[in-house]
Amino acid sequence: MSIVVFTEKNKAAAQIAGILSGGGFNRASIDGIPVYDFKKNGKEWRIMGLSGHIMGYDFPPEYNNWKECDPAVLLDIDPVKNVLKKPYAIAISKLAGHADELILACDFDREGENIGFEARSIAQKVSKAPVKRARFSSLSAGEINQAFENLLEPDENLAMSAEARQILDLRMGAAFTRFLTLAVRERAHTKGVISIGPCQTPTCGFVYERERLIRDFESKDFWKIEGLFSYSGKDFMGTHRGGHIYDKAKADGIFRRIKDCKKGIVAKKSEKESAINPPYPLNTTEFLKRASKFLGISPDTALEVAEQLYLAGFTSYPRTETNKYADDFDFKASLIGFSSGEFREQVLAILSQPEIRCRNGTRDGHDHPPIYPIKAANRQEVEKNVRMPDVWKVYDLIVRHFIANLMPPAVFDKTRLEVHVRDEIFDTTGSIMKDAGWLAVYPFETKNDKFLPNVELNKEVDVKKISNTKSRTTPPKRLTEAELLTLMDKNGIGTKATAPSHIETNKKRGYFETKGKSIAILDTGFTLMESLDSTVPILVKPDIRARIEALIQDVEDGQKTFENSLEEGSHLIKEMYSQLSSGKEQIVMKMAGTITDENISSDKKNFIGECPECGRMLRIINTDKGRFVGCSGYPTCKKTYSLPKTGALTVMRSKECKKEGVAIVKVGNKYHWSVGMGPCFTCDSEKVCFPPDVVGPCPKCDGSMFILTTKDTRFLACTNRCGYTQSLPKEGRLTIQKKCGQCDWKQIRLKAKDKDATEMCINLRCASRRPNRS
DNA sequence: GCAAGGTC
């Protein structure tokens, strides 16, 4: 009798072999893939770990050329399933050929059931052996023995629900991505891909929604009244109960009534102890959030580092939903290694308790324990074995979190005072840490003490100052990666293992980028989301994932057949597709702008600025017939500005046209131009945008004399062009200095090469026409 | 070349 078991991964195979065999198993290998053999009760067991999914869907090859295949066709073509990891398929066949019984022992979830079915489909080509399912929620000895003693039937519905997800995700992703990419390429020259997916798009949607809030935010003035009080020589602050007061008259009224008061009364006082519990154990999402928030490591990188720490045996399996430890979890075994190092004191305290108490969370994915340290190690050891940047920081976080989790709460003494100044109420709170508890090993969250003087109820305090300060409300902040992960988690976007990859996809596509810990949307991402929001709004919101999820949940529950849910899902996708294609012109018009815009704005020589008509990019265009400034939105936006036919063009980046908000272009050395305003010196905004270097009033009219530089010479000219001029030295750098003192002109400073600088007044009518050495 | 889900 030969029994063959397939698990989701090698690690699980080894562990299960160890448990079922009681430790006595052989490690063999089939074409490099580990297989664990042992004998038990006269039966021969062979356990092999898969590598997650070993098969995957794709469209038949004839639909793989984007240009020759209308993306809409993909809505009706069924993708086909192929083996992606050949060596595993071969090993499965070899093992199954000799099996009398096959057992699927992958993770107990949708994808796990599906992965098991992949192995089954390969095995059944060579074997007629019955196929059973071992279902367990953790890799503990108790659960595993129990599961293998009570084998179940494989769950067709569970497996097929994952199948439906795969097909719907691919159908939608491929059709929409190809459609948009090809459509944009009709207008803009780009190799880039505009991708859409049921997880990546709503992920970008979250970032977009926040950006909308920021851009649409209207700042309001408010006033805040604060009091500086003093009792027995110690100062403390209080804030008026009105908080942010938006009515200036009201704030002023309060302020006037009490500003000259010298005394206040402590009308209420409460003291209470407050405890802050340690955080729940780390599941993947929580780990990624904290790595981002505390260490500034991106979710993608953090997961990779944790993976390597796991493979090197330092920490436990990093992909887990569970944030509670099993009742029989052996804390002692994991703690003992830390009882001599930096955490000696705390760990010994934990170990000395009659029973180790842990603050557990409530999520149980029935998969793996929370992330915890397997092995105590010092920095050198960790860095030697895992050569990745920040590996120590990540390990240190996991260790500290694990220990903190077993420690008592941090305890604070909190005092609240209510100070009355006349009839106005000021609130103030103080907080003093009485017992650091878990915070002693968790430096990432610091709570500063805030001291208050020890003042009793109904005592009088001095009022040193009452202030009434004006502030403005500020727009919401950009999302941090940690917040984005929280939103994704809450809305069921992605899974513990895939959430970071959806964030990465958006970055790769140029939809958003991270700046420090926060996420900034890019032009392409914003425009795409804005376009989708007005054509296929469901895509931008988590609803799309929820709709697909509901369909496949029905398959899992047996409420719908696989075929029916696939049909419904495809119908939904078709509906969205038709909305998308009816909005094609509108979307493409905007999107093409952002694609070319990216090239344009990096083209420093020709980039002018934002088009005042449509918001896209203005740049200098050179043609055979001449040159002009045009908008990247052409042909939709026909905004142009003419340019002089000759003369070198320089975009003056430091100056800005105040009239239309575009750049100022300097033409040759002869004139100054502001785009769209004609020659700058005839525009009514000239003095604002490109202030002439005025030296002083014109002696002939009410204009001003300014330095006019031309290609060949320079001289003083009148801003009114009244005809009065005055010559200037030909050599050297001219800068305008402070007022002369003896007349109403400004002095100029002349610095010629190899000569000392001179400062002088050049007004011919000035009394002191003597150069001063400086 | 397209998605999202596993795992290494």
Side-chain angles (χ1 to χ4, degrees), chain A residues 6-13 32-34 49-59 61 63-69 71 73-75 77 79 81 84-85 87-88 106-107 109-119 159 161-185 190-203 284 303-312 317-321 367-368 386 488 492-506 508-509 539 544-545 548-549 552 569 573 577:
Chain A
F6 298 110
T7 68
E8 188 149 327
K9 49 192 162 280
N10 176 48
K11 182 80 197 275
I33 292 163
L50 304 167
S51 177
H53 286 288
I54 54 174
M55 301 175 90
Y57 275 101
D58 205 352
F59 287 102
Y63 300 98
N64 276 348
N65 188 319
W66 292 27
K67 277 187 202 138
E68 283 157 26
C69 164
V73 170
L74 303 177
L75 302 173
I77 297 294
K81 204 169 190 185
L84 297 177
K85 291 172 181 166
Y88 286 90
C106 296
D107 294 358
D109 56 26
R110 219 178 252 164
E111 298 299 330
E113 199 71 19
N114 189 275
I115 291 163
F117 273 54
E118 289 175 13
S161 69
E163 205 80 359
R165 179 202 57 73
Q166 290 176 32
I167 295 170
L168 291 173
D169 284 352
L170 175 63
R171 193 190 289 294
M172 175 187 153
F176 286 34
T177 301
R178 289 192 198 180
F179 173 83
L180 275 180
T181 304
L182 293 172
V184 167
R185 283 184 195 172
T190 175
K191 284 182 182 160
V193 169
I194 312 288
S195 68
I196 296 288
C199 285
Q200 56 172 276
T201 305
T203 298
T284 306
L303 190 56
E304 179 60 25
V305 173
E307 174 78 27
Q308 296 304 321
L309 279 168
Y310 154 70
L311 289 173
Y317 191 68
R319 285 179 283 268
T320 173
E321 273 174 31
D367 45 4
H368 306 274
V386 182
M488 292 171 73
I493 304 298
T495 67
K496 59 198 186 288
T498 61
S501 76
H502 301 314
I503 296 179
E504 284 308 299
T505 303
N506 277 291
K508 194 172 99 192
R509 298 277 182 248
L539 269 180
I544 175 59
R545 182 82 268 186
I548 295 179
E549 172 65 29
I552 63 178
I573 293 170
Y577 191 89

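What you see is a predicted model, and the numbers here were worked out from it, not measured in a lab. So that the names make sense, note that chain A is the first sequence line, chain B the second, and so on, each numbered from 1.
- In this structure, A:Asp58 reaches the bases: a heavy-atom distance under 4.0 Å links it to at least one base atom across the strands shown.
- Residue A:Arg509 is in sugar-phosphate contact alone, with no base atom involved, counting any heavy-atom pair closer than 4.0 Å across all strands shown.
- Using a 4.0 Å heavy-atom criterion, one finds that A:Gln200 contacts the sugar-phosphate atoms exclusively.
- Each of A:Glu307 and A:Gly173 lies near DNA chain B, and the nucleotide nearest A:Gly173 is the one positioned closer to the 5' end.
- Among all heavy-atom pairs drawn from A:Pro318 and A:Ala306, the shortest one is CB-CB, 3.7 Å.
- Annotation: salt bridge (charged side-chain N to carboxylate O under 4.0 Å, His left out) contacts involving residues 170-179 of chain A, sequence neighbours excluded, comprise A:Asp78-A:Arg171.
- Nearest heavy atoms, A:Cys106 versus A:Gly112: CB-O, 3.2 Å.
- Taking all atoms of both residues into account, the shortest heavy-atom contact from A:Phe59 to A:Leu74 is CE2-O, 3.8 Å.
- A:Ile54 comes within 4.0 angstrom of nothing in the nucleic acid, heavy atoms only.
- Among the protein residues, A:Tyr88 comes within range of no part of the nucleic acid, since none of its heavy atoms lies under 4.0 Å from any strand.
- Pairing each heavy atom of A:Thr320 with each of A:His368, the nearest pair is OG1-O, 2.9 Å.
- Here A:Tyr57 lies in heavy-atom contact (under 4.0 Å) with a base.
- At the heavy-atom level, A:Pro71 lies nowhere under 4.0 Å from the strands shown.
- Residue-level contact check: A:Gly494 touches the backbone only, with heavy atoms under 4.0 Å from sugar-phosphate atoms and none from bases.
- Using a 4.0 Å cutoff to heavy atoms of chain A, the contacted part of DNA chain B runs 5' to 3' from B:dG1 to B:dC8.
- Between the A:Arg185 side chain and the A:Gly192 main chain, a donor and an acceptor come within less than 3.5 Å of each other.
- In this view, A:Tyr310 and A:Tyr317 satisfy the ring pair (Phe, Tyr, Trp, His ring centres under 6.0 Å) rule, not counting sequence neighbours.
- Map A:Leu84 and A:Arg178 each onto its nearest nucleotide of DNA chain B; the residue landing nearer the 5' end is A:Arg178.
- Here A:Ser195 lies in heavy-atom contact (under 4.0 Å) with sugar-phosphate atoms only.
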